[in-house]
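Okay, so here's the structure we're looking at.
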Amino acid sequence: MVNDLSFFETVYQVARMIPEGRVTSYGAIAKFIGSPQAARMVGYAMNGSHTQKEFVPAHRVVNRNGMLTGKHHFGGPETMRELLESEGAIVEENQIKNFKELFWDPGKELMEGY
DNA sequence: GGTGTGACCAGCT
DNA sequence: AAGCTGGCCACAC
């Protein structure tokens, strides 16, 4: 099999592909890896992202509403917001205001341009 | 080793 | 229009 990576590892790889200053949703990643209904697992995978050797930009992954649902898992409730604002995102009330503009679809951005 | 549950999403009612 | 349910895979108890 060419793909020995488990579901979680695949999620981490996709997450690392997210360009700086861009964000995506759990569902978009789930769909990209072939399990459109496994968005939940993507979120859970992010929970264990800190166990990975390589850094995983989990702060660039939010829910479909652009809301920072997992901010509490960064060791600090403000950490995720700080990281996103640091990359140019406008976060307000735990929600990315310009989410629509910053949204990065893996299944689209990676396919187009070739 | 089975059951529960989790940073979600989309479809039904 | 809004609320509930199912589904997905891995990990803790």
Side-chain angles (χ1 to χ4, degrees):
Chain A
M1 300 297 269
V2 279
N3 198 1
D4 286 355
L5 299 176
S6 59
F7 185 88
F8 271 37
E9 291 179 22
T10 310
V11 173
Y12 300 140
Q13 299 237 347
V14 176
R16 293 195 199 100
M17 286 188 234
I18 305 174
E20 189 175 312
R22 293 297 190 92
V23 293
T24 190
S25 67
Y26 303 99
I29 296 176
K31 186 174 183 178
F32 178 67
I33 66 182
S35 299
Q37 298 192 304
R40 247 195 193 189
M41 319 297 52
V42 177
Y44 193 59
M46 291 293 115
N47 191 10
S49 62
H50 65 87
T51 66
Q52 298 298 308
K53 293 181 183 177
E54 299 264 352
F55 172 70
V56 179
H59 60 280
R60 296 183 193 146
V61 184
V62 294
N63 69 355
R64 151 177 173 15
N65 296 319
M67 189 171 272
L68 281 54
T69 51
K71 66 171 183 177
H72 239 292
H73 291 262
F74 281 85
E78 302 297 309
T79 308
M80 190 172 186
R81 194 198 69 199
E82 292 291 330
L83 288 169
L84 286 169
E85 288 184 342
S86 168
E87 295 184 355
I90 302 174
V91 181
E92 204 169 295
E93 296 291 315
N94 299 342
Q95 187 176 4
I96 302 175
K97 290 302 176 183
N98 53 344
F99 174 67
K100 185 175 64 178
E101 301 174 18
L102 297 178
F103 183 69
W104 178 80
D105 188 350
K108 190 173 183 181
E109 301 288 332
L110 293 179
M111 295 304 239
E112 292 184 3
Y114 269 99

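Chain A is the first sequence line, chain B the second, and so forth, proteins listed ahead of strands; every chain is numbered from 1. Here the structure is a predicted model, which means the values were calculated and not measured.
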Rounding to the closest angstrom, what is the interatomic distance between [N] and [M] at atom [atom1]?
| N | M | atom1 | answer |
| --- | --- | --- | --- |
| C/dT5 | B/dT5 | P | 15 Å |
| B/dG4 | C/dG6 | P | 14 Å |
| C/dA10 | B/dA10 | C1' | 22 Å |

Can you check whether [Y]'s main-chain N or O pairs, donor with acceptor, with [X]'s side chain at less than 3.5 Å?
| X | Y | result |
| --- | --- | --- |
| A/E92 | A/K97 | no |
| A/R60 | A/I18 | yes |
| A/Y12 | A/A45 | yes |
| A/E87 | A/G21 | yes |

Heavy atoms within less than 4.0 Å of DNA chain B: which residues of residues 71-82 of chain A have one? Give them sorted by number.
A/H73, A/F74

Close side-chain approach of [X] to [Y], heavy-atom, < 4.5 Å:
| X | Y | value |
| --- | --- | --- |
| A/E54 | A/R16 | yes |
| A/W104 | A/M17 | yes |
| A/T24 | A/F103 | yes |

Could you measure the distance from the [atom1] atom of [X] to the [atom2] atom of [Y]? Nearest 0.5 Å is fine.
| X | Y | atom1 | atom2 | answer |
| --- | --- | --- | --- | --- |
| A/R81 | A/I96 | CZ | CD1 | 12.5 Å |
| A/L83 | A/E20 | CG | CD | 10.5 Å |
| A/T79 | A/L68 | OG1 | CG | 11.0 Å |

5'-most to 3'-most nt of DNA chain B touching chain A (<4.0 Å, heavy-atom partner on protein side) reads B/dG6 to B/dA10

Does A/E82 have any salt bridge (charged side-chain N to carboxylate O under 4.0 Å, His left out) partners at least two apart in sequence or in another chain, and if so, which?
none

Only one of A/V62, A/L84, A/I90, A/V23 forms a side-chain contact (heavy atoms from CB on, under 4.5 Å) with A/L102, so which one is it?
A/V23

Among residues 41-69 of chain A, which residues get a heavy atom nearer than 4.0 Å to DNA chain C?
A/M41, A/Y44

Base, sugar-phosphate, or nothing: which does A/F8 touch, judged by heavy atoms less than 4.0 Å apart?
sugar-phosphate

For chain A and DNA chain C, what are the first and last nucleotides along the strand, 5' to 3', with at least one atom under 4.0 angstrom from a heavy atom of the protein chain?
C/dG7 to C/dC11

Considering only distance and modelled atom types, tabulate donor-acceptor pairs under 3.5 Å from the side chains of residues 26-40 of chain A, sequence neighbours left out.
residue: A/Y26; atom: OH; partner: A/V61; partner atom: O; Å: 3.3

